[in-house]
Amino acid sequence: MMESGAPICHTCGEQVGDDANGELFVACHECNYPMCKSCFEFETKEGRKVCLRCGSPYDGTTPILKLSFADFVNTFIWSENLLDDVEKKESGNQSTMASHLNDSQDVGIHARHISSVSTVDSEMNDEYGNPIWKNRVESWKDKKNKKKKKSPKAETEPAQVPTEQQMEEKPSGDASEPLSIVYPIPRNKLTPYRAVIIMRLVILGLFFHYRITNPVDSAFGLWLTSVICEIWFAFSWVLDQFPKWNPVNRETYIERLSARYEREGEPSQLAGVDFFVSTVDPLKEPPLITANTVLSILAVDYPVDKVSCYVSDDGAAMLSFESLVETAEFARKWVPFCKKYSIEPRAPEFYFSQKIDYLKDKVQPSFVKERRAMKRDYEEYKVRVNALVAKAQKTPEEGWTMQDGTPWPGNNTRDHPGMIQVFLGNTGARDIEGNELPRLVYVSREKRPGYQHHKKAGAENALVRVSAVLTNAPYILNVDCDHYVNNSKAVREAMCILMDPQVGRDVCYVQFPQRFDGIDKSDRYANRNVVFFDVNMKGLDGIQGPVYVGTGCVFNRQALYGYGPPSMPSLRKRKDSSSCFSCCCPSKKKPAQDPAEVYRDAKREDLNAAIFNLTEIDNYDEHERSMLISQLSFEKTFGLSSVFIESTLMENGGVPESANSSTLIKEAIHVIGCGYEEKTEWGKEIGWIYGSVTEDILSGFKMHCRGWRSIYCMPARPAFKGSAPINLSDRLHQVLRWALGSVEIFFSRHCPLWYGFGGGRLKWLQRLAYINTIVYPFTSLPLIAYCTIPAVCLLTGKFIIPTLSNLASMLFLGLFISIIVTAVLELRWSGVSIEDLWRNEQFWVIGGVSAHLFAVFQGFLKMLAGIDTNFTVTAKAAEDTEFGELYMVKWTTLLIPPTTLLIINIVGVVAGFSDALNKGYEAWGPLFGKVFFAFWVILHLYPFLKGLMGRQNRTPTIVVLWSVLLASVFSLVWVKINPFVNKVDNTLVAETCISIDC
């Protein structure tokens with residue numbers, strides 16, 4: 001039957017057969033659910049006149065909006081009555097497991113919807129070996145999923161099976177409205193913008209035709225170098241520009257979210273969220289900053305039983321643990337104060353330092369008194385934390401000792417056991433008003449010599465497993481330790497998207513923009529990254545979604561587990577063949593794919609198909625349960641933890657009510673062991689992906705390749721705020737780290753140039769954006785060459801452009817005008833200021849000739865020779881004034897290339913003017929183009945020059961010496977070699993002189 005391709009009835013296992021007209025019998029014309037005529041007549045005779053899969057009526061009766069739990073159980077009981085001819089096998093559960101493994105239906109990823117429902121009798125099979133109850137459950141599951149799409153009004157509590165009354169209720173008012181909307185940029189702003197982009201592309205084509213067909217013979221080397229650089233710049237512009245073709249804006253409605261999921265007199269149905277905060281060295285990442293982040297999380301405007309905060313201490317520092325103990329105690333006062341008076345922001349350090357009228361909109365007479373008392377309590381708390389920091393400056397020879405006299409387990413930061421401590425929560429301390437507080441968990445994963453720990457990505461994956469065992473919220477929000485929650489309703493903003501039945505099904509994460517405190521008003525080094533967050537990310541949101549930037553992001557936990565979205569194309573392709581056949585053998589009709597991609601897809605689909613079987617093992621003992629998990633290869637994917645594996649099957653999250661807390665803690669300790677990830681898919685296909693210091697880009701890229709999409713959420717009040725390095729050297733090292741991560745991805749198997757083509761799930765404009773994120777460091781090579789050309793032209797008297805004709809002048813003028821107009825129109829629809837755009841352009845040059853250049857060479861060294869080069873930063877004393885760090889000068893090798901470029905261009909300008917003065921009036925015309933070119937370089941490097949000089953023109957002597965030395969050597973070698981200028985034939989010169997009558 002499988003070979004013939006005839007559809008099989010999902011009730012009795014027989015062929016569906018034909019109707020009276022000789023055509024294939026179809027019971028339901030809405031979803032084409034396979035059912036033979038005999039079973040159809042039996043169902044209608046019993047009074048069931050509605051399709052069990054989609055809920056559509058068979059004979060024109062009114063569709064049922066939801067299938068109640070009672071109907072669901074009755075379906076099983078009815079199925080049992082059909083089993084008169086079923087033989088009871090002695091093997092019992094063992095035969096059931098075998099039938100489960102041999103009968104993987106095309107259930108898709110949303111089979112996990114029924115993980116909380118157990119079967120009535122899982123041992124009963126029909127004469128074909130197929131579990132009859134399984135077909136009924138699949139029908140109920142498919143119907144539930146389809147109704148979720150069609151009827152967003154009927155949303156119920158995600159983590160529980162809703163009651164019949166809840167299913168039949170129809171919310172009114174705001175509850176029936178969409179939770180978020182997308183509105184594109186107005187046509188009068190976007191259409192001219194697109195037209196100018198096309199016009200600029202045409203002008204670029206004409207420009208390169210002119211440049212290539214009109215070489216400069218007198219300076220052929222200079223001309224060729226400049227043309228190659230310009231072609232690369234045009235290619236980079238295309239990669240950056242076209243992903244911004246369709247920018248969009250979004251708006252969320254948190255009032256509608258509350259109306260739908262927080263009805264008066266009923267428990268909140270909002271989904272749970274696990275917050276992740278990562279820290280390593282408390283001496284470099286001050287505990288007080290981390291504590292403010294934690295406090296802002298604990299005080300978010302969200303149901304306390306739905307919030308858990310996990311703090312990863314990857315340095316196993318006792319200082320981090322003790323400061324968290326103090327933070328948990330202070331939270332008992334701070335959290336109720338914030339919620340009582342609607343405090344914003346809810347990080348005390350930043351709230352009390354605001355220079356605003358804090359009495360605005362406050363009407364309670366007690367507010368001033370309580371605020372004064374809270375500020376005093378916070379200052380006392382700060383003193384206690386500062387005392388801990390002062391104590392930690394010098395480590396005792398015998399190591400740290402805890403209060404009970406036992407040694408601190410993390411005294412050896414590279415060799416220590418895993419540690420977990422749970423604070424607060426429903427079983428912990430309550431606030432001063434007696435209310436429950438969100439759960440706070442300290443986590444330090446095990447570390448042993450000889451194991452790869454994978455830095456931040458490994459720490460995040462450890463938190464994923466710990467949180468799955470302890471709380472298992474369906475969504476995860478990760479922030480850096482210095483990024484506090486600035487908008488207490490930020491989680492609700494994200495839930496407006498993730499819990500919207502029309503939008504959230506295929507969303508892997510919601511990314512918020514990064515905003516920063518403590519940056520100088522002029523933003524000298526473009527720390528705010530306004531152009532990226534307000535222009536590029538809006539453009540990506542109109543394609544397949546923004547890239548993941550490492551912090552301020554709310555994840556769908558299922559996307560982190562490596563599953564595909566519900567609408568994954570590969571699952572739809574499997575419907576044409578029977579489930580057993582398609583599970584074992586790939587369809588011959590599929591288009592040719594990359595073998596590695598086919599293998600990965602097959603593994604993911606087998607995992608999805610096996611999920612249903614694993615959710616129905618509640619009646620098995622521990623040995624049989626572990627056997628089934630092992631047979632389904634879940635251990636090879638997720639690791640040796642049955643508790644964690646079962647948590648991955650619960651799409652709506654939650655932990656069993658019968659779970660013992662002490663047992664869960666032991667299991668949580670097990671899943672953070674240093675050897676847990678060995679021979680699993682962690683870091684390869686699931687969780688944060690390893691292989692780059694910028695694990696954020698890589699992890700988001702993998703999710704988009706699986707077919708997920710992401711959403712960009714920009715609430716009016718910034719959701720999160722953090723601190724950025726405002727010092728020049730620190731900023732360059734930050735950019736160096738990002739660029740190095742991009743170079744590592746470029747040389748890895750995950751390079752967007754060749755990865756992920758087999759599935760066809762990554763849109764081509766999205767791929768262009770990812771290619772841009774990994775090739776931009778290589779722009780440093782043509783950029784540094786192009787910035788050197790003006791000085792060379794001024795020193796040699798040659799130029800890269802021949803004498804311009806009228807047509808050539810028009811081309812150059814048109815190119816400059818198109819560049820300016822593109823920028824103006826971009827500012828118009830994005831709302832970015834021209835100052836932000838100019839700062840971005842300046843730092844693009846500064847970073848390109850310094851950090852990006854070093855990243856490329858370091859990437860080559862790491863790939864070819866395995867050499868991992870580190871660039872250290874040595875700080876000098878900063879002035880104790882506002883933005884004192886901005887004027888602090890730190891020695892680093894990254895300062896040498898841009899300083900050298902500045903010196904040679906300034907020298908070139910002086911030499912050019914001197915030469916023009918000697919040659920007379922005729923030399924001033926050609927000089928103008930060369931000087932303009934040199935000033936273009938100097939203006940772009942001007943913020944770097946200001947940073948190099950500091951407040952009082954204090955430049956490190958070593959930087960000046962190195963730069964002057966390099967500039968002098970370059971000038972002398974240039975004068976000696978003169979490579980880009982045609983050589984003069986001395987014989988011809990002599991003959992010319994002889995022919996002249998002196």
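Computed from a predicted structure; not experimentally measured.
Between the OH atom in Y261 and the NZ atom in K306 there is a gap of 12.0 Å [rounded to 0.5 Å]. Between the NZ atom in K284 and the OG1 atom in T279 there is a gap of 11.5 Å [rounded to 0.5 Å]. Residue I297 holds its CD1 atom at 11.0 Å from CZ of F276, rounded to the nearest 0.5 Å. Note: Y302 OH to K489 NZ = 12.5 Å, rounded to the nearest 0.5 Å. Taken to the nearest 0.5 Å, the CG atom of L437 stands 7.5 Å off from the CG atom of L298. Once rounded to the nearest 0.5 Å, the distance linking CG of L470 with CG of L463 reads 10.5 Å.
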Exercise for the section: Please lay out, stage by stage, how R737 and Q734 fare under the test side-chain contact (heavy atoms from CB on, under 4.5 Å). Expected result: CA-CA 5 Å; R737 178 182 173 277; Q734 182 189 55; 5.9 Å; no

Practice task
Let me see the working for E344 and N486 under side-chain contact (heavy atoms from CB on, under 4.5 Å), right down to the final yes or no.
Solution key: CA-CA 7 Å; E344 295 286 359; N486 183 64; over 6 Å; no

Exercise for the section: Any chance you could lay out the side-chain contact (heavy atoms from CB on, under 4.5 Å) test for R557 and T648, step after step, and finish with the verdict? Expected result: CA-CA 8 Å; R557 188 182 283 268; T648 66; over 6 Å; no

Problem - Worked check of salt bridge (charged side-chain N to carboxylate O under 4.0 Å, His left out) between D301 and K339 - result: CA-CA 7 Å; D301 182 8; K339 294 188 175 182; over 6 Å; no

Handout entry: ring-ring contact (aromatic ring centres under 6.0 Å, His included) assessment of W408 paired with F321
Key = CA-CA 10 Å; W408 172 247; F321 178 80; 5.4 Å; yes

Problem - Working for side-chain contact (heavy atoms from CB on, under 4.5 Å), residues Y351 and R371 - result: CA-CA 11 Å; Y351 169 69; R371 183 184 186 276; 3.2 Å; yes

Exercise for the section: Go through E370 and K340 one step at a time and tell me if the salt bridge (charged side-chain N to carboxylate O under 4.0 Å, His left out) criterion holds. Expected result: CA-CA 11 Å; E370 291 194 28; K340 181 178 180 181; 2.9 Å; yes

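Checked by atom type and distance alone, the side chain of N386 pairs as donor or acceptor with a backbone atom of K382 at under 3.5 Å. Side chain of S258 to main chain of I254: a donor-acceptor pair is present (N/O by atom type, distance under 3.5 Å, no hydrogens or angles). Here the side chain of E285 pairs a donor or acceptor atom with the backbone of V280 at under 3.5 angstrom. With hydrogens and angles disregarded, a donor-acceptor distance shorter than 3.5 Å links the side chain of S296 to the backbone of V485. Using a distance-only test at 3.5 Å, with no hydrogens or angles considered, no donor-acceptor pair links the side chain of D431 to the main chain of A331. The main-chain N or O of S488 is never found under 3.5 Å from a side-chain atom of R717 such that the two would form a donor-acceptor pair. With hydrogens and angles disregarded, no donor-acceptor distance shorter than 3.5 Å links the side chain of T413 to the backbone of G315. R256 contributes no side-chain N or O that, together with a main-chain N or O of S180, makes up a donor-acceptor pair within less than 3.5 Å. Not a single donor-acceptor pair under 3.5 Å links the side chain of R465 to the backbone N or O of A668. With hydrogens and angles disregarded, no donor-acceptor distance shorter than 3.5 Å links the side chain of D541 to the backbone of I711.
Other residues, nucleotides and ligands place no more than 12 heavy atoms under 6.0 Å from the CD atom of Q403. In this structure, K333 places its NZ atom where only 12 or fewer heavy-atom neighbours from other residues, nucleotides or ligands lie under 6.0 Å away.
For the pair S444/H416, a side-chain contact is recorded, criterion being any heavy-atom separation below 4.5 Å from C-beta on. For the pair V294/L440, a side-chain contact is recorded, criterion being any heavy-atom separation below 4.5 Å from C-beta on. Side-chain contact between Y381 and E326 is present, with heavy atoms from C-beta onward closer than 4.5 Å. At a threshold of 4.5 Å between non-hydrogen side-chain atoms, the residues R260 and E177 do not count as touching. Counting heavy atoms from C-beta on, the side chains of F423 and T327 never come closer than 4.5 Å. Side-chain contact check for E380 versus R376: some heavy-atom pair is nearer than 4.5 Å. At a threshold of 4.5 Å between non-hydrogen side-chain atoms, the residues M703 and S710 do not count as touching. The shortest distance between side-chain heavy atoms of C309 and V277 falls below 4.5 Å.
Side-chain atoms of Y378 and N292 include a donor-acceptor pair closer than 3.5 Å. Remark: the D313 side chain and the Y442 side chain contain an N/O donor-acceptor pair separated by less than 3.5 Å.
Across all non-hydrogen atoms, the minimal contact from Y548 to G700 is CB-CA, 4.2 Å. The two residues C496 and L179 make their nearest non-hydrogen contact at O-CB, 3.1 Å. In terms of heavy-atom proximity, N461 sits nearest to W688 at OD1-N, 2.6 Å. In this structure, Y475 and L498 approach most closely via the heavy-atom pair OH-O, 3.4 Å. When all heavy atoms are compared, the tightest approach of A468 to Y561 is CB-OH, 3.5 Å. Taking both residues in full, the closest heavy atoms of R492 and P303 are given as NH2-CD, 4.2 Å, listed atom of the first, atom of the second, then distance.
Here the options are S647, S308, S467, the test is side chain to side chain contact (heavy atoms under 4.5 Å, CB included), and the partner is N472; only S647 passes.
Evaluation of the side chain to side chain donor-acceptor pair (under 3.5 Å) test over residues 509-519, restricted to residues two or more places apart or in two chains, returns Y484-D517, R515-D534.
Classified by interplanar angle (parallel below 30°, tilted 30° to 60°, perpendicular above 60°), the ring pair F337/W334 is tilted.
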Enumerate, atom names and distances included, each donor-acceptor pair closer than 3.5 Å involving a side-chain atom of residues 718-726, sequence neighbours excluded.
| unit_1 | atom_1 | unit_2 | atom_2 | d |
| --- | --- | --- | --- | --- |
| S723 | OG | D482 | OD2 | 3.1 |

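Salt-bridge annotation for K455 and D314: absent, with no side-chain N of the basic residue lying under 4.0 Å from a carboxylate O of the acidic one.
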